[in-house]
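Here's the structure we're looking at; comments come further down.
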Amino acid sequence: MSQPTTIVLFRNDLRLADHPALWYAAQRGPVLPVYLRHAADSYGSAWRWWHGESLLKLQAALAQRGLPLLLRSGTAKAVLPEIVRASGADAVYWNRRYDRDGIAEDQELKSLFKELGVEARSFPGNLLVEPWEHLREGQPYRVFTPSYGQDWCMSIC
């Protein structure tokens, strides 16, 4: 019996080092790296150039490890289920986003994949500390000064 395939969804985290979703996927077995270009991407030319170069470098780094980067256009909700069916993957992993729309989309994806019987997991890959782990009286800090002396900050502040 073959090992399960895990799709790793790359977004703006176009790197191999310090990429929790990729690391956990590799622990399970075969990995299928995927990047989705959204038609709504309307960034400036400098960003598009940087992003394009970053994608090329990611593609080359993955190829050196025998992993082709699957490039598609569209929303994750529309495209990922098709890729899951075509590849036979049983899990989809990605690094978390923290903006309101990103959180909502990721929750939708988790619900969708749960209905399809596919494991969907997100990982903390973009922040030093998860926002809900560093609270004061149950609320996020509103200014930096109160957290300056906290242990987590001592090595970087």
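Ion pairing between R97 and D106 holds under the 4.0 Å rule for side-chain N and carboxylate O. Look at K77 and E108 and you find a salt bridge, because one of the NZ, NE, NH1 or NH2 atoms lies within 4.0 Å of a carboxylate O, short of that distance.
Between P81 and A76, the shortest heavy-atom contact is CD-O, 3.5 Å. The heavy-atom pair separating G125 from R15 by the smallest distance is O-NH2, 2.6 Å. Residues P20 and F123 come closest through the heavy atom pair CB-CB, 3.7 Å. Contact record, S87 with L32: CB-CD2, 3.8 Å, taken as the closest heavy-atom pair. Here the closest non-hydrogen pair linking P33 and F10 is CB-CE1, 3.7 Å. Between S122 and K110 the shortest heavy-atom distance is OG-NZ, 2.9 Å.
Proximity of a side-chain donor or acceptor of D90 to a complementary backbone N or O of P4 within less than 3.5 Å is not detected.
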Original post:
When you look at L112 and K114, which way does the side chain to side chain contact (heavy atoms under 4.5 Å, CB included) test go after all the steps?
Top reply: CA-CA 5 Å; L112 172 66; K114 185 176 182 179; over 6 Å; no

**OP:** Begin with the C-alpha distance, continue with both residues' side-chain angles, and end with the deciding distance and a verdict on side-chain hydrogen bond (donor to acceptor under 3.5 Å, both in side chains) for S73 and R37.
**Re:** CA-CA 5 Å; S73 292; R37 182 184 176 281; 4.7 Å; no

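No chain of hydrophobic side-chain contacts below 4.5 Å, direct or via other Ile, Leu, Val, Met, Phe, Trp or Tyr residues, connects I103 to L109. Hydrophobic clustering of Ile, Leu, Val, Met, Phe, Trp and Tyr side chains at less than 4.5 Å, counting indirect connections, unites W94 with L116. Note on W49 and L56: separate hydrophobic clusters, where clusters join Ile, Leu, Val, Met, Phe, Trp and Tyr whose side-chain heavy atoms are under 4.5 Å apart, directly or indirectly.
Judged by distance alone, the side chains of E119 and Y93 do bring a donor and an acceptor atom under 3.5 Å apart. Side chains of T6 and R28: a donor on one and an acceptor on the other come within 3.5 Å.
Using a 4.5 Å heavy-atom threshold, the side chains of H51 and L14 count as touching. Side-chain contact between T75 and L36 is absent, with no heavy atoms from C-beta onward closer than 4.5 Å. Taking the side chain as every heavy atom from C-beta outward, L58 and L16 approach each other to under 4.5 Å. Considering only heavy atoms from C-beta on, V84 comes within 4.5 Å of V92 through its side chain. In this structure, the side chains of Y35 and L55 come closer than 4.5 Å at one or more pairs of heavy atoms. A heavy-atom distance below 4.5 Å is not found between the side chains of W23 and D18. Under the 4.5 Å side-chain criterion, counting only non-hydrogen atoms from C-beta, S54 is not in contact with K57.
With a 6.0 Å cutoff to the six-membered ring centre and a 45° limit on the axis angle, R121 counts as a cation-pi contact of Y24.
Of the candidates V34, V31, L62, V31 is the only one forming a side chain to side chain contact (heavy atoms under 4.5 Å, CB included) with V8.
Here the CD1 atom belonging to I83 is positioned 8.5 Å from the CG atom belonging to L9, to the nearest 0.5 angstrom. Rounding to the nearest 0.5 Å places CG of L67 at 12.0 Å from CD of Q59.
The local environment of CH2 in W50 is crowded, with over 12 non-hydrogen atoms from other residues, nucleotides or ligands closer than 6.0 Å.
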